[in-house]
Amino acid sequence: MGNAEPVAIVGAGIAGLTTALCLARQGWQTDILEQAGTLTEVGAGLQLSPNASRILIDLGLLPALESIWSEPEAISLVDGRSLRPLASVPAGTSARKRWAAPYGVLHRAGLQRILLHAVKSEPLCRLHLGYRVERNPRAAVTEASGRRPAAIIGADGIWSQVRASVPDAAPVRFSGNIAWRLMLPLTYAAKCLSSNRVTAFLGPKAHLVAYPIREADAFNLIAIVAGEPAAEAWAGRGAEDRQSELSAAFEDWHPDLRSMLKGAASATFWPLCTVDDGAWHNGRDTILIGDAAHAMTPFAAQGAAMAIEDARELARCLAGSPDVPSAFARYEAARRARIDRVRKRAAFNRFAYHAGGPVRIARNLVLALKGPESLAADLDWLYGYGAQDR
């Protein structure tokens with residue numbers, strides 16, 4: 001289809017900004033509408049696996065990424081009670097060689113800053129801040145941008161307003177898990193933390209992921225535990241009154257890890273929600289991508305990566321289809337199976353990471369039998385996605 005008419009994108013997060021850049025590479029003009037008056041990214045650390053970094057590299061962003069991220073040498077699994085190593089997947093130079101793209105860790109705000117700079121430098125992209133889109137996206141977009149879009153892309157996150165205009169879109173559902181996010185200065189880190197790897201400490205009903213954030217000179221810690229939501233903390237605010245729940249979840253873990261969690265400051269509390277299978281588009285002019293369409297739990301560390309993949313695939317489908325409805329159908333056919341497989345991988349990881357009793361023993365035995373290369377091969381379908389296009 002032609003690209004004479006612009007495309008409107010609602011949401012200027014990672015999904016929206018990446019989509020704008022991917023569309024610009026296909027010659028599309030975009031209007032990006034963001035309700036915030038100033039772009040600030042919540043959250044802390046972010047893992048960019050090769051399937052995502054490959055797309056960002058193709059957008060010309062590798063030098064900027066390399067200036068702020070770290071490339072861990074491995075992703076390691078460790079027993080949270082005994083600190084016994086369980087398994088390790090090679091990353092670093094091995095990731096670049098095996099999956100033809102790097103595995104990087106960085107602050108989420110750093111990636112947002114890089115994407116924003118690229119969008120502002122792209123003549124085909126126009127960013128409109130301070131515009132909230134509700135009820136009638138097309139009218140809101142036309143009013144804000146002064147032009148009628150060929151298509152509207154809802155990249156406005158898990159609490160998407162655009163989702164209301166897509167009949168049969170799935171609702172938001174609490175997953176039963178809570179994420180505590182903390183930043184710990186390198187000087188206060190426990191000896192069991194490594195500055196050159198991503199480490200996942202596993203235990204019954206909880207796990208803890210740690211990796212260095214170069215820009216902050218600190219470790220990013222994410223503790224995921226079973227729990228109940230709290231309506232007042234959906235935005236990730238601090239929750240001192242619930243700090244005891246975090247301590248209780250790790251009460252039988254190794255003393256070094258318990259002490260480290262107690263000493264970490266500025267913990268934020270995030271009930272983890274998902275968007276299950278449902279409609280992604282209205283069949284005419286409006287489509288959802290990223291968390292707005294298929295938010296998933298972080299057990300496979302693929303939330304941002306799936307949004308980045310969505311951006312590239314949707315731009316390709318719009319460029320290679322005769323009209324918008326055909327592009328949406330083609331996009332959905334390309335992405336449904338992929339998203340489903342990643343969801344299943346996340347569900348499997350949740351079961352394995354939080355296992356207790358005999359299942360925990362069996363998990364450890366299976367991991368002991370798998371060498372690093374075998375574990376890496378298990379991820380070829382995930383991290384190698386798109387390598388054949390280069």
Judged by atom type as modelled, is there a donor-acceptor pair below 3.5 Å linking the side chain of [X] to the main-chain atoms of [Y]?
X	Y	answer
S175	N177	yes
T18	I14	yes
T142	A139	no
R148	E5	no
R258	W253	yes
R214	W69	yes
Q112	A12	yes
Y211	L46	yes
R126	S145	yes

Applying side-chain contact (heavy atoms from CB on, under 4.5 Å), run through E73 and Y103 and close with a yes or a no. CA-CA 9 Å; E73 293 180 3; Y103 195 114; over 6 Å; no

ILVMFWY cluster, [X] and [Y] together (side-chain gap under 4.5 Å):
X	Y	value
V162	F328	no
W159	V133	no
I152	L21	no
V166	I289	no
V141	V7	no

Residue of the set R338, R336, K344, R343 for which salt bridge (Lys or Arg N to Asp or Glu O under 4.0 Å) holds with D340: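 In the set R338, R336, K344, R343, the residue that makes a salt bridge (Lys or Arg N to Asp or Glu O under 4.0 Å) with D340 is K344.
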
Full working for side-chain contact (heavy atoms from CB on, under 4.5 Å) between L288 and V275: CA-CA 11 Å; L288 306 172; V275 176; over 6 Å; no

On a heavy-atom basis, which atom in [X] and which in [Y] lie closest, and how many Å separate them?
X	Y	value
W270	T268	NE1-OG1, 3.1 Å
P72	G104	CD-CA, 4.5 Å
A352	R363	O-NH1, 2.8 Å
S76	R197	OG-NH1, 2.5 Å
A300	N349	CA-ND2, 3.9 Å
C317	R330	SG-CG, 3.7 Å

Parallel, tilted or perpendicular, as decided by the 30° and 60° cut-offs, for the rings of Y131 and H128: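 Rings of H128 and Y131: perpendicular, over 60°.
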
Is it true that atom CD of E66 has more than 12 heavy atoms of other residues, nucleotides or ligands lying nearer than 6.0 Å?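 Above 12, so yes.
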
Kindly check if the number of other-residue, nucleotide or ligand heavy atoms within 6.0 Å of CZ (R132) is above 12?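 More than 12 heavy atoms, drawn from other residues, nucleotides or ligands, come within 6.0 Å of this atom.
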
Could you tell me whether the side chain of [Y] reaches within less than 4.5 Å of the side chain of [X], counting heavy atoms only?
X	Y	value
L208	M260	yes
L59	C22	yes
L314	R335	no
V359	F351	yes
I224	H354	yes
N51	W381	no
L77	Y353	yes
R138	S165	no

Please round to the nearest 0.5 Å and tell me the distance separating atom [atom1] of [X] and atom [atom2] of [Y].
X	Y	atom1	atom2	answer
L62	I114	CG	CD1	10.0 Å
T30	L127	OG1	CG	9.0 Å
I178	L272	CD1	CG	6.5 Å
I308	T19	CD1	OG1	9.5 Å
L86	L365	CG	CG	10.5 Å
K191	L83	NZ	CG	12.0 Å

Could you tell me if [Y] and [X] have a donor-acceptor pair between their side chains, going purely by distance under 3.5 Å?
X	Y	value
Q35	D156	no
Q29	R147	yes
H294	D310	yes

Go through the steps for D378 and V89 under the test side-chain contact (heavy atoms from CB on, under 4.5 Å), then give the verdict. CA-CA 10 Å; D378 288 344; V89 178; over 6 Å; no

With side-chain contact (heavy atoms from CB on, under 4.5 Å) as the test, would you mind laying out the steps for Q26 and L318 before giving the verdict? CA-CA 9 Å; Q26 301 286 350; L318 284 168; over 6 Å; no

Is any NZ, NE, NH1 or NH2 atom of the basic residue among R96 and E71 found under 4.0 Å from an Asp or Glu carboxylate oxygen of the other?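 Result for this pair is yes, salt bridge flagged.
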
When you check the gap from the basic side-chain N to the acidic O, do E122 and R25 get nearer than 4.0 Å?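 Result for this pair is yes, salt bridge flagged.
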
Quick check on side chain to side chain contact (heavy atoms under 4.5 Å, CB included): which of L202, V225, V78 does H207 satisfy it with?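 The passing option is L202.
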
